[in-house]
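This one's a predicted model, so the numbers in the text were calculated from it and none came from an experiment. In what follows, every chain begins at residue 1, and chains take the letters A, B, ... in the order their sequences are listed.
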Amino acid sequence: MYLRQQKKLEERLRAVLRELYQIEVGNIVIDQPPEIRFGEYASPVAFELARKLRKAPRKIAEEIVAALGAIEGFAGFEVAGAGYINSRLDRGTAVQAIAGGSDIETFAEHLHSLVEHTSINPNKAAHVGHLRNAILGDTFVRLLRAAGQKVDVQNYIDNTGVQVADIVVGLMHLEAMSMTDVQKLMSRLAESGERIDYYCWDLYARVSQWYEADEMEKQARKQVRLDTLHEIERGGNEAAAIGELISTAVLRRHLETMLRLDIEYDFLPRESEILHLKFWDLAFEQLKAKGVLYFEAEGKNKGCWVMRRMSWLLEKINTTTTESGENISELESADYYDEASEVSIFSRPKSADEDAKVIIRSNGTVTYVGKDIAYHLWKFGLLGRDFGYRRFFTYPDHDCWISAESGEPDHPQFGGAQAIYNVIDSRQADPQANVIGALIGMGYTDQAAHYTHFSYEMVALTPRCAQELGYEVPEEDRGRPYIEVSGRKGFGVKADDLIDQLIAATQKEVDERHPELDQVTRREIAKEIAVGALRYFMLKYTRNSVIAFDFKDALSFEGETGPYIQYAVVRTRSIFRKGETTAERALAEVADIDPSPYLAGGEADEIWQVWLRAAKTSLLLDQCIGTAEPAYLARHAFQLAQDFSNFYRKHHILTEPDPARKKFLMATAAVTQRELIRSLGWLGIRAPEMM
RNA sequence: GGGCGAGUAGCUCAAUUGGAUAGAGCACCGGCCUUCUAAGCCGGGGGUUACAGGUUCGAUCCCUGUCUCGCCUACCA
């Protein structure tokens with residue numbers, strides 16, 4: 001309702017400006033007045049026109065208001081302050097419309113999108129940083145799906161990288177294990193209920209220390225690491241087999257951890273297949289043919305195949321654009337690859353570009369960015385080769401597939417998406433930008449424009465939290481706001497430990513509050529609250545804010561938290577239970593009455609505030625997708641819960657004597673419940689029956 | 001050296017992307033359970049938005065400079 005009326009108002013303003021002043025205003029700014037008593041929409045458009053028209057803004061605003069006439073659903077327009085144009089909705093009509101439903105259809109897009117998130121190296125347990133990634137990604141998937149998009153969820157698995165190699169080194173060299181020993185180890189762990197990912201967490205830290213421990217041996221040990229890495233990449237040997245076994249087991253653990261948070265995946269592309277199916281060879285041919293990649297014959301990169309950096313391109317086209325991906329759409333108009341002459345803007349420079357990015361080293365091996373370019377060509381359906389697929393993990397209503405050299409004949413289609421989102425932390429902005437740069441250089445500007453590096457800042461630990469975990473915090477770090485986690489040092493909070501702690505804390509509360517419920521139900525409620533607390537905690541910060549993790553904050557269930565919002569829903573449920581009706585019925589019954597009398601006067605503003613906020617959920621969905629920022633919706637849900645709590649205290653619903661007013665108050669609780677559950681659902685948070 | 005991000009209340013963060021009196025949560029102080037669940041509500045104190053200029057009707061937001069912090073910038077992967 002809110003969004004639809006805003007668009008109507010915008011159009012009318014546009015028409016009025018055309019009539020009165022023969023002016024086209026590109027973007028008509030409409031926001032909300034500082035106080036609800038001023039109306040629902042405010043536009044400062046008169047200020048903007050003041051200079052152009054050489055008139056006082058207030059005068060312009062008066063002329064516009066006079067010319068607006070009547071707009072369906074609006075009660076009136078007025079000039080406020082120095083020249084704001086405030087618009088009031090007809091509250092009675094609006095309430096009926098809000099009770100009727102949402103207006104997602106005003107912006108729904110039927111794109112085929114691909115979201116990649118989680119992507120944890122399968123060599124250790126997931127930690128809080130990975131949780132932020134997965135929760136952000138999963139939430140964004142839910143938002144896109146809510147807006148009508150078809151979304152594939154991918155979790156990229158670097159199963160042949162140096163981190164997996166480190167684990168293999170640990171098993172083969174520190175523990176002197178063979179393949180059969182490793183198999184025995186795994187069944188021993190399984191029997192004793194120990195987690196393979198936790199075992200690897202410690203082993204990874206040990207191996208990282210081992211490399212550095214002995215100055216004399218350092219060189220040799222690093223060589224062991226490199227040799228192991230190459231064996232794993234090549235495949236068909238013991239190191240590769242052990243790597244495969246361990247990484248697959250750890251991967252399975254990651255999927256189980258994420259499932260605790262209701263996070264599911266559709267496809268797991270692995271680096272091993274990107275290597276063995278030779279994706280790179282095809283990408284190399286394309287890059288070479290289009291001149292994006294060229295052989296460097298001199299300078300420090302002599303003997304390598306190199307590519308211009310994105311930063312160079314941005315400077316070249318003289319834009320102020322900096323953040324990777326986000327403003328690529330501005331590049332669309334220009335041509336960076338000329339089809340006719342087959343010349344790319346990236347073509348070989350006259351003198352060596354020392355700053356160029358090396359894609360193929362002088363020893364003939366491909367760098368990470370090179371493989372990533374190939375993979376992203378596949379994502380957009382531009383590579384000309386596909387993975388094999390086989391089933392890997394089963395969810396209640398679908399399967400998760402994994403890449404394979406030769407897979408099952410019948411499988412769903414992946415790749416070939418119209419838009420992609422890569423949930424990757426901000427430290428990888430540069431490599432991401434270079435992949436985008438390669439696409440642009442190859443002439444795939446449209447794809448580059450739909451490539452979003454969904455970047456976010458890391459989760460670090462407060463010094464206090466680090467000390468609680470038993471880590472020695474150096475003197476100079478104690479005053480800092482946060483300390484970066486480190487897998488190599490085994491320094492961090494493991495995801496499953498945190499979830500366990502959260503459940504233990506919520507379980508205690510639920511047991512105390514509801515001794516009458518059976519244990520299974522109490523357990524279920526405790527889990528829902530714990531997950532709600534965790535997911536909300538990770539979502540309430542905007543993406544580019546570093547989260548300084550602290551158990552005190554994360555284990556809080558009061559104030560701006562998930563449980564606060566869940567609690568508001570539980571209160572509405574309680575009202576309908578005691579009132580022996582349902583939210584659906586309460587919303588339907590608002591049609592029987594005229595709510596207008598209850599929406600007028602100062603006292604009514606706080607009730608109207610609930611309806612207005614509830615009406616904005618769709619607007620928030622639109623904004624969250626446009627800005628790739630789920631935090632706005634998290635905040636919206638909190639504010640709606642807050643508005644409701646305020647209303648709830650002041651207006652006692654079930655004892656309301658006026659039957660028509662009672663229906664209206666019931667509908668107020670109902671619309672809150674509907675919008676809170678909807679918003680929470682998109683945030684991946686369930687709304688418990690009781691708490 | 002270059003690039004990016006950040007600096008807002010004691011602490012952690014917002015601020016609808018240039019709009020009206022910069023808002024929340026936590027912490028602190030005071031009040032509210034015989035009434036739909038107190039994981040709640042109400043009230044209070046708390047601010048030179050790092051600093052200095054500039055742009056304009058209007059700046060936390062844009063521009064220039066300075067300071068502080070973090071990250072990125074390898075033929076490692």
- prompt: Syn or anti: how is B:rC51 classified when any glycosidic angle within 90° of 0 counts as syn?
  reply: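 Anti, since the glycosidic angle lies more than 90° from 0.
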
- prompt: Is A:E484 salt-bridged to A:R427, going by a charged N under 4.0 Å from an acidic O?
  reply: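 The answer is yes: the pair qualifies as a salt bridge.
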
Provide a list of protein-nucleic acid N or O atom pairs under 3.5 angstrom, restricted to nucleotides 26-35 of chain B.
from	atom 1	to	atom 2	distance (Å)
B:rU35	O2'	A:H652	NE2	3.2

message: Between B:rA39 and B:rG58, how far apart are the two P atoms, rounded to whole Å?
response: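 Rounded to whole Å, the distance is 50 Å.
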
- prompt: Any idea how A:F284 and A:W280 line up, ring-wise: parallel (<30°), tilted (30 to 60°), or perpendicular (>60°)?
  reply: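 Ring orientation of A:F284 relative to A:W280: parallel.
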
Would you say [X] reaches [N]'s phosphate, i.e. side-chain N/O to OP1/OP2 under 4.0 Å?
X	N	result
A:Q642	B:rG25	yes
A:Y564	B:rC41	yes
A:Y368	B:rC75	no
A:R573	B:rC36	no

Is there, by distance only and without an angle test, a donor paired with an acceptor across the side chain of [X] and the base of [N] below 3.5 Å?
X	N	answer
A:Y482	B:rU12	no
A:T367	B:rC75	no
A:R513	B:rA39	yes
A:N121	B:rA77	no

Identify each donor-acceptor pair in which a side-chain atom of residues 45-55 of chain A lies under 3.5 Å from a protein atom, sequence neighbours left out, and give them as a table.
from	atom 1	to	atom 2	distance (Å)
A:K55	NZ	A:E63	OE1	3.1
A:K55	NZ	A:E63	OE2	3.1

- prompt: Are A:Y41 and A:Y2 close enough that their ring centers fall under 6.0 Å?
  reply: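 Ring centres of A:Y2 and A:Y41 closer than 6.0 Å.
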
- prompt: Do A:F557 and A:Y564 have ring centroids that are under 6.0 Å from one another?
  reply: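 Here the rings of A:F557 and A:Y564 have centres that are no less than 6.0 Å from each other.
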
query: Which residue, A:H453, A:Q432, A:E457, forms the side-chain hydrogen bond (donor to acceptor under 3.5 Å, both in side chains) with A:S426?
result: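 Of the listed options, the one satisfying the test is A:E457.
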
Donor-acceptor pairs under 3.5 angstrom involving side-chain atoms of residues 649-659 of chain A: please list them, not counting sequence neighbours.
from	atom 1	to	atom 2	distance (Å)
A:K650	NZ	A:E606	OE1	3.4
A:H651	ND1	A:R661	NH2	3.4
A:H651	NE2	A:E606	OE2	3.2
A:H652	ND1	A:T655	OG1	2.7
A:E656	OE1	A:R661	NE	3.2
A:E656	OE2	A:D658	N	3.2
A:D658	OD1	A:A660	N	3.0
A:D658	OD1	A:R661	N	3.3
A:D658	OD2	A:Y598	OH	3.2

Distances under 3.5 Å only, N/O to N/O: pair up the protein atoms with those of nucleotides 57-59 of chain B.
from	atom 1	to	atom 2	distance (Å)
B:rC57	OP2	A:R51	NH2	3.2

- prompt: With respect to the side chain of A:P34, which nucleotide from B:rU17, B:rU21, B:rA20 is positioned closest?
  reply: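 Among the listed nucleotides, the one closest to the side chain of A:P34 is B:rA20.
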
task: Return the stems involving RNA chain B, sorted by first number, where pairs are Watson-Crick (N1-N3 with N6-O4 or O6-N4) or G-U wobble (N1-O2 and O6-N3), both under 3.5 Å, and runs are 3 or more long.
output: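 Stems (3+ consecutive pairs) listed as B:1-7 with B:67-73, B:10-13 with B:23-26, B:28-32 with B:40-44, B:50-54 with B:62-66.
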
message: Please list, in numerical order, the residues of residues 224-235 of chain A that have a heavy atom closer than 4.0 Å to any atom of RNA chain B.
response: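 A:L229, A:E233, in order of number.
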
task: Cation-pi check, A:R308 to A:W312: give yes when NZ or CZ is under 6.0 Å from the six-membered ring centre and within 45° of the ring axis, no otherwise.
output: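 Satisfied, under 6.0 Å and within 45°.
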
